[in-house]
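Just so it is clear, the model here is predicted, and its values are computed rather than measured.
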Amino acid sequence: MVGVVPVIGVLALQGDVREHLAAVTACGARAVAVRRPSELDAVDAIVLPGGESTTMSRLLTTFELLDPLRKRIASGMPTYGSCAGMILLARDVLDGRPDQEQLGGLDVVVRRNAFGRQVDSFEIDLDVDGVPGAPVRAVFIRAPWVESAGDGVEVLATVPERTVAGRGTGDAAGRVVAVRQGSVLATAFHPELTGDHRVHAAFCKMVTASTAAV
Ligand code: GLN
């Protein structure tokens, strides 16, 4: 750990970087943008933002971050991915591009853009394990869901039967949209967009616990 407060990087190649930097800062950690390997070396943990996973995958190679990031994640660096970030962490992706690279860290298969065109973007209230208090307002934007998960993966949230608008969730009901596996946390939705920082706070708690253990 670099100082008294943990230093949490936000992968800053593409996506909603600013929103994650603000959410991490609001949780009392030091938030820094990560674009190069030397910046990755200096962080205790990292957030992979929402955006476009295929673009991020390509940029990770261009910026020579793919292997260093894979290694840090494999060695237990606390990592949180939202939406496209969840896709990057998955062991495997359905409906991805054939050349899409995975960072690994989560023994899950995700389906990209899983919620279909008519519900490309929607919001629901979700109970998320590890997030105390009222349900979390979850914003889904061309989101993935977790199609299958290995034994070591904790399911933290699933889509409820009915949405707030009274519209049935159809195929989406019961789908897994938040998971944790050891030091890796992922949500198919975007808590960075709502001003409710409880998911980031839960991640910061994971980071503090891991840096205290060193
Ligand atoms: N559909 C995007 C992808 O494949 C993810 C969308 C998001 O992060 N909001 O990466």
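Contact check for Pro37 versus Leu65: side-chain heavy atoms found under the 4.5 Å cut-off. Counting heavy atoms from C-beta on, the side chains of Ile46 and Ile8 never come closer than 4.5 Å. The closest side-chain heavy-atom distance from Val10 to Val32 is not below 4.5 Å. For the pair Thr187 and Val136, the minimum side-chain heavy-atom distance is 4.5 Å or more. The side-chain heavy atoms of Pro160 and Leu126, taken from C-beta on, include a pair separated by under 4.5 Å. Residues Glu192 and Pro49 have side chains not in contact (no heavy-atom distance under 4.5 Å, counting atoms from C-beta outward). Inter-residue side-chain proximity for Arg30 and Pro6 is flagged as unmet; no heavy-atom pair is nearer than 4.5 Å.
Taken together through direct or relayed side-chain contacts under 4.5 Å among Ile, Leu, Val, Met, Phe, Trp and Tyr, Val176 and Ile141 form parts of separate hydrophobic clusters. Cluster membership for Val17 and Leu185, using ILVMFWY side-chain heavy atoms within less than 4.5 angstrom, is shared. Taken together through direct or relayed side-chain contacts under 4.5 Å among Ile, Leu, Val, Met, Phe, Trp and Tyr, Val93 and Val108 form part of one hydrophobic cluster. Under the 4.5 Å side-chain contact rule for hydrophobic residues, Leu89 and Val109 do not share a cluster.
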Please lay out, stage by stage, how Phe140 and Ile124 fare under the test side-chain contact (heavy atoms from CB on, under 4.5 Å).
-> CA-CA 8 Å; Phe140 291 83; Ile124 49 175; 3.6 Å; yes
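Formation of a donor-acceptor pair under 3.5 Å by the Arg175 side chain with backbone atoms of Val159 is not found in this model. Side-chain atoms of Arg198 do not come within 3.5 Å of backbone N or O of Val131 as any donor-acceptor pair. With hydrogens and angles ignored, the 3.5 Å screen pairs no side-chain donor or acceptor of Glu19 with any backbone N or O of Leu193. Put simply, the side chain of Arg72 gets close to the backbone of Val43: a donor and an acceptor are under 3.5 Å apart.
Relative orientation of the His20 and His200 rings is tilted, given thresholds of 30° and 60° on the angle between their planes.
Partners of Asp67 by salt bridge (charged side-chain N to carboxylate O under 4.0 Å, His left out), not counting sequence neighbours, listed by chain and number: Arg70. Residues passing the side-chain hydrogen bond (donor to acceptor under 3.5 Å, both in side chains) test with Ser53, sequence neighbours excluded: Gln100. Gln14 meets the side chain to side chain contact (heavy atoms under 4.5 Å, CB included) test with Glu52, Thr55, Met56, Leu59; sequence neighbours excluded. Residues that satisfy the side-chain hydrogen bond (donor to acceptor under 3.5 Å, both in side chains) test with Asp107, not counting sequence neighbours, are Arg91.
Listed by first then second residue, pairs satisfying side chain to side chain donor-acceptor pair (under 3.5 Å) with a partner in residues 57-66 number zero, not counting sequence neighbours.
Across all their heavy atoms, Val5 and Gly28 have their closest contact at CG1-O, 3.6 Å. Scanning all heavy atoms of the two residues, the minimum distance from Pro191 to Tyr80 falls at CG-OH, 3.0 Å.
Distance check: Leu11 CG to Glu39 CD gives 10.5 Å after rounding to the nearest 0.5 Å.
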Only distances under 3.5 Å count here; give the side-chain donor-acceptor pairs of residues 146-158 to other protein atoms, sequence neighbours excluded, each with its distance to 0.1 Å.
from, atom 1, to, atom 2, distance (Å)
Glu147, OE1, Arg111, NE, 3.0
Glu147, OE1, Trp145, NE1, 2.9
Glu147, OE2, Arg111, NH2, 3.4

